[in-house]
Chemist: 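Encoded as structure tokens, here's the structure I'll be asking about.
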There are 2 protein chains.
Amino acid sequence: MATRRDVARLAGVSPSTVSRVLNDNGYVADDVRKRVRQAIQELNYVPNRLARSLRMQQSRQVACITPSISNSFYLEIVAGIEETALAHDYTFSLYSLTYEKREYLDVVLSGFYDGMILLAPYEMEKIVPLSELAGRLPVSLYCDRERHPDLPHVYVDLRRAMRECTEHLISLGHRRIVFMGYQFSRPAQNPRYLGYQDALEANGIPLDESLTRLFPDHQDTLTCGYQTVCDLLDRGRSFTAICATNDLIAVGAMRALVEHGLRVPDDVSLTGVDDLEIASLVTPTLSTIRIPKRQIGSVLMEQMLAQIHGDAAAPRAVEVSTTLVLRESVKSCLPSEL
Amino acid sequence: MATRRDVARLAGVSPSTVSRVLNDNGYVADDVRKRVRQAIQELNYVPNRLARSLRMQQSRQVACITPSISNSFYLEIVAGIEETALAHDYTFSLYSLTYEKREYLDVVLSGFYDGMILLAPYEMEKIVPLSELAGRLPVSLYCDRERHPDLPHVYVDLRRAMRECTEHLISLGHRRIVFMGYQFSRPAQNPRYLGYQDALEANGIPLDESLTRLFPDHQDTLTCGYQTVCDLLDRGRSFTAICATNDLIAVGAMRALVEHGLRVPDDVSLTGVDDLEIASLVTPTLSTIRIPKRQIGSVLMEQMLAQIHGDAAAPRAVEVSTTLVLRESVKSCLPSEL
DNA sequence: TTGCGTATGCAAAACGATTTTCGATAGCCC
DNA sequence: GGGCTATCGAAAATCGTTTTGCATACGCAA
């Protein structure tokens with residue numbers, strides 16, 4: 001690889017002058033500038049980022065750690081991160097570290113990165129306290145469960161979103177609405193579940209625990225949705241709508257319903273959360289709460305940049321708003337509308 | 001950040017000794033070793049990868065360039081890459097460069113990476129000749145269209161796969177089989193289309209061009225599948241099966257069929273390619289040609305490592321094999337089986 | 001002639017590590 | 001005591017860049 005020295009030699013100037021041209025500081029005559037540029041072109045010279053980073057003590061690179069690399073939800077966020085990063089001449093590396101070994105984090109902390117963006121680091125913080133990481137490197141989080149008031153983060157208000165969603169179903173006449181999803185650590189801290197309860201309470205509908213289906217974390221989403229609905233139906237159909245806490249669960253549920261000869265939405269209305277691509281691919285298309293994934297990524301990166309640049313005005317917490325997307329899977333069950 | 005010097009000071013030894021401990025060379029007494037390790041722990045010392053990379057002239061980092069970051073097909077490959085990379089203490093960065101600006105590539109060529117893995121770089125090579133890149137950095141490709149005999153690459157034999165798939169449909173009694181997919185640059189070089197033709201020819205079925213639907217590249221996959229089937233049905237149904245060149249097209253097709261009151265597979269059999277997650281999520285589940293995405297990623301990374309380490313025995317081309325996955329969307333149309 | 005702004009070269013330090021060489025101590029055995 | 005091995009420190013070179021200070025020009029105006 002050509003170095004700055006080679007360029008200087010070819011252009012007949014000193015290395016310092018090449019630097020002056022490259023970094024646009026100091027005086028440099030037009031013809032010299034031209035000669036240097038030409039030499040750069042001729043040698044395909046690209047300044048060595050390693051050396052520059054070492055000297056400048058910043059790499060213009062951030063690490064992004066996601067729970068799962070093949071989860072399209074997080075990947076959309078990552079896409080947003082990449083877009084914004086590139087626009088600011090930043091590069092990013094993607095990790096889906098298995099957190100069993102804490103040592104894996106060393107690779108991230110070894111000077112290669114100016115900061116790290118953590119997506120849903122719930123598993124991770126069981127191994128490493130996030131505050132410890134934040135003490136080493138600028139950190140920016142996306143979290144949809146517990147929030148981290150002390151660390152910069154981006155979040156969505158899923159409690160409110162789920163309340164709106166449930167209330168929409170209620171407004172369509174549904175009274176017996178199933179809630180199904182992961183239980184997270186404690187149901188009482190599950191914002192989605194709380195939103196569901198909020199809606200019931202606000203509309204004077206008593207909470208029927210037999211309609212609540214929380215399954216343990218770390219299980220296959222699709223199977224959970226499928227199996228849970230099968231279980232429910234085995235006891236006789238006692239509901240007219242289902243709120244699933246994500247689209248994949250909803251798709252699994254949809255499959256179970258169809259296999260039991262029930263029609264969506266005619267017999268059962270169904271909603272998800274996330275608005276993955278699949279939500280508009282299934283038949284019927286799935287009503288869901290859209291989480292603006294790309295925007296989240298973009299905001300995360302901007303928050304990261306603000307930290308790196310030391311902007312005191314950088315917001316510690318940014319809320320991005322969700323949208324209730326109504327598609328085919330939801331229908332009124334009021335007789336008047338038939 | 002703590003440096004090697006800090007560790008040395010705390011342990012009461014010289015920086016060289018710390019190096020000796022870290023890199024396990026030279027003599028070092030056991031108690032000294034212990035003291036040094038303790039100091040490392042205490043200071044949370046992690047050797048600076050920038051400095052090390054600069055000195056060693058290798059970063060143990062590879063760049064991976066994918067056409068689209070939110071395409072789950074490529075992302076599964078990326079997952080395979082990451083897994084293998086991590087297992088070898090390598091790191092990787094993910095790029096979905098917009099190739100309009102060739103300069104974007106400079107960031108990859110600036111010494112940060114020991115090599116680059118290119119996924120389906122068809123757009124890319126219109127801007128930059130791949131051989132030029134390969135001259136700068138070890139390169140490893142995944143390609144499912146034209147192959148690059150001069151560059152290390154991993155590929156699948158989609159011609160054979162599609163032939164098998166089509167022949168399976170033929171063996172089930174189907175004679176009027178639609179082929180639909182992107183046309184790529186030239187249909188005559190589209191391995192999927194060639195495989196389809198191979199199957200027809202081998203079974204003495206004349207090619208009916210009215211059953212071939214090639215749409216231009218760079219269009220929305222889903223819409224293409226949907227729209228194409230709508231067009232076909234507008235002219236009357238003259239087919240009993242559809243081979244789509246990927247799962248998303250197939251899902252779009254499925255939706256169009258259902259909306260026209262046709263049942264899959266009872267009225268029309270349908271197959272895809274890729275075996276994305278969605279293939280087993282839709283109803284009916286989609287028969288498809290499975291491409292071993294994770295394995296491809298793994299092999300790509302291994303091929304890259306072999307190049308970096310200068311293994312002369314490194315294979316220039318590796319074929320990974322596909323599998324025909326039969327699910328619900330395919331059914332015999334032979335009267336005898338009814 | 002002096003002084004100043006412009007233009008460039010040269011040299012050196014710094015970033016943090018690796019690697020090698022050269023010494024300086026030890027202790028041990030014969 | 002000579003020679004060997006084990007153990008460690010000190011120092012230098014190197015990777016390629018940035019940054020700074022200093023020296024050296026030239027041209028032009030005071």
Side-chain angles (χ1 to χ4, degrees), chain A residues 1-37 39-40 43-61 89 91 106-107 109-114 136-137, chain B residues 1-37 39-40 43-61 89 91 106-107 109-114 136-137:
Chain A
M1 264 225 321
T3 73
R4 207 188 43 162
R5 178 184 240 98
D6 300 325
V7 174
R9 202 157 29 213
L10 181 62
V13 298
S14 84
S16 338
T17 307
V18 179
S19 272
R20 281 194 259 261
V21 172
L22 247 24
N23 303 332
D24 237 3
N25 54 9
Y27 300 109
V28 66
D30 276 349
D31 60 324
V32 173
R33 190 185 303 272
K34 206 177 291 179
R35 253 186 12 246
V36 171
R37 290 206 188 286
I40 288 176
L43 293 172
N44 271 326
Y45 169 74
V46 182
N48 187 307
R49 264 177 84 197
L50 285 174
R52 165 181 263 145
S53 301
L54 179 60
R55 175 58 225 251
M56 305 285 277
Q57 293 293 78
Q58 62 153 317
S59 62
R60 295 188 85 82
Q61 194 170 229
D89 270 321
T91 285
D106 278 356
V107 84
L109 297 171
S110 58
F112 247 60
Y113 304 106
D114 291 342
R136 305 261 231 130
L137 223 53
Chain B
M1 266 228 318
T3 74
R4 207 189 40 163
R5 177 184 242 99
D6 299 325
V7 175
R9 202 158 26 215
L10 182 61
V13 299
S14 82
S16 336
T17 306
V18 179
S19 271
R20 280 193 260 261
V21 172
L22 248 24
N23 304 329
D24 236 4
N25 54 10
Y27 299 108
V28 66
D30 276 349
D31 60 322
V32 174
R33 192 185 302 272
K34 206 177 290 180
R35 248 179 26 240
V36 170
R37 290 206 189 287
I40 288 175
L43 291 172
N44 272 325
Y45 168 74
V46 182
N48 188 307
R49 264 177 84 197
L50 286 174
R52 168 182 259 146
S53 301
L54 180 59
R55 173 62 225 253
M56 306 286 276
Q57 293 293 79
Q58 62 153 318
S59 61
R60 294 188 85 82
Q61 193 170 229
D89 271 321
T91 286
D106 278 356
V107 86
L109 298 170
S110 57
F112 247 62
Y113 304 107
D114 292 343
R136 305 260 231 132
L137 223 53

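These numbers were taken from a predicted model, which means no experiment stands behind them. The sequence lines fix the lettering, A, B, ..., with proteins before strands; numbering per chain opens at 1. Worth knowing before you read on, the calculation uses all heavy atoms, side chains too, and leaves out hydrogens, waters and symmetry mates.
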Chemist: Could you check how far CZ of R5(A) sits from P of dC10(C), rounded to whole Å?
Modeler: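 It is 11 Å, rounded to the nearest whole Å.
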Chemist: Find every protein N or O atom lying less than 3.5 Å from an N or O atom of nucleotides 18-24 of chain C, and list the pairs.
Modeler:
| from | atom 1 | to | atom 2 | distance (Å) |
| --- | --- | --- | --- | --- |
| dT18(C) | OP1 | R52(B) | NE | 3.1 |
| dT18(C) | OP1 | R52(B) | NH2 | 2.6 |
| dT18(C) | O2 | R55(B) | NH1 | 2.1 |

Chemist: Rounded off to whole Å, could you give me the CG-to-C1' distance for the D31(B) and dA26(C) pair?
Modeler: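 Between C1' of dA26(C) and CG of D31(B): 14 Å.
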Chemist: Give the rounded distance in Å between these two atoms: CG of L54(A) and P of dT17(D).
Modeler: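 Rounded to the whole Å, the gap is 12 Å.
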Chemist: Does dT7(D) have its OP1 or OP2 closer than 4.0 Å to a side-chain nitrogen or oxygen of Y27(B)?
Modeler: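 Answer no for this pair, as no side-chain N or O of Y27(B) is under 4.0 Å from OP1 or OP2.
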Chemist: Measure the distance from CD on Q57(A) to P on dT19(D) and round it to the nearest whole Å.
Modeler: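 Atom CD in Q57(A) sits about 12 Å away from atom P in dT19(D).
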Chemist: Residues in salt bridge (charged side-chain N to carboxylate O under 4.0 Å, His left out) with R9(A), at least two apart?
Modeler: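 D6(A).
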Chemist: By nearest nucleotide on DNA chain D, pick out whichever of R49(A) and R35(B) is the more 5' one.
Modeler: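 Its nearest nucleotide lies further toward 5', so the answer is R35(B).
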Chemist: For I40(B), check side-chain contact (heavy atoms from CB on, under 4.5 Å) against everything at least two apart and list the hits.
Modeler: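 If we apply the side-chain contact (heavy atoms from CB on, under 4.5 Å) test to I40(B), skipping adjacent residues, the hits are V7(B), L22(B), V36(B), Y45(B).
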Chemist: Using side chain to side chain donor-acceptor pair (under 3.5 Å) as the criterion, list what pairs up with S110(B), not counting sequence neighbours.
Modeler: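 For S110(B), no residue satisfies side chain to side chain donor-acceptor pair (under 3.5 Å) once neighbours in sequence are set aside.
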Chemist: More than 12 heavy atoms of other residues, nucleotides or ligands under 6.0 Å from CZ of R5(A): yes or no?
Modeler: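 Count not over threshold, so no.
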Chemist: Got a sec, which residues hit salt bridge (charged side-chain N to carboxylate O under 4.0 Å, His left out) with R55(B), two or more places apart in sequence or on another chain?
Modeler: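 If we apply the salt bridge (charged side-chain N to carboxylate O under 4.0 Å, His left out) test to R55(B), skipping adjacent residues, there are no hits.
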Chemist: Report the distance from atom CD of Q58(A) to atom C1' of dT17(D), rounded to the nearest whole Å.
Modeler: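 After rounding, the reported distance stands at 13 Å.
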Chemist: What is the distance, to the nearest angstrom, from the CZ atom on R9(B) to the C1' atom on dG16(C)?
Modeler: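 Atom CZ in R9(B) sits about 14 Å away from atom C1' in dG16(C).
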Chemist: Can you measure L50(B) atom CG to dT18(D) atom C1' for me and round it to whole angstrom units?
Modeler: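 Atom-to-atom, L50(B) to dT18(D), this comes out as 14 Å.
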Chemist: Provide, to the nearest angstrom, the distance between the CG atom belonging to L43(B) and the P atom belonging to dG16(C).
Modeler: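 Rounded to whole Å, this separation is 14 Å.
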Chemist: Can you name the residues that form a salt bridge (charged side-chain N to carboxylate O under 4.0 Å, His left out) with D106(A), not counting sequence neighbours?
Modeler: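 Not a single residue meets the salt bridge (charged side-chain N to carboxylate O under 4.0 Å, His left out) criterion with D106(A).
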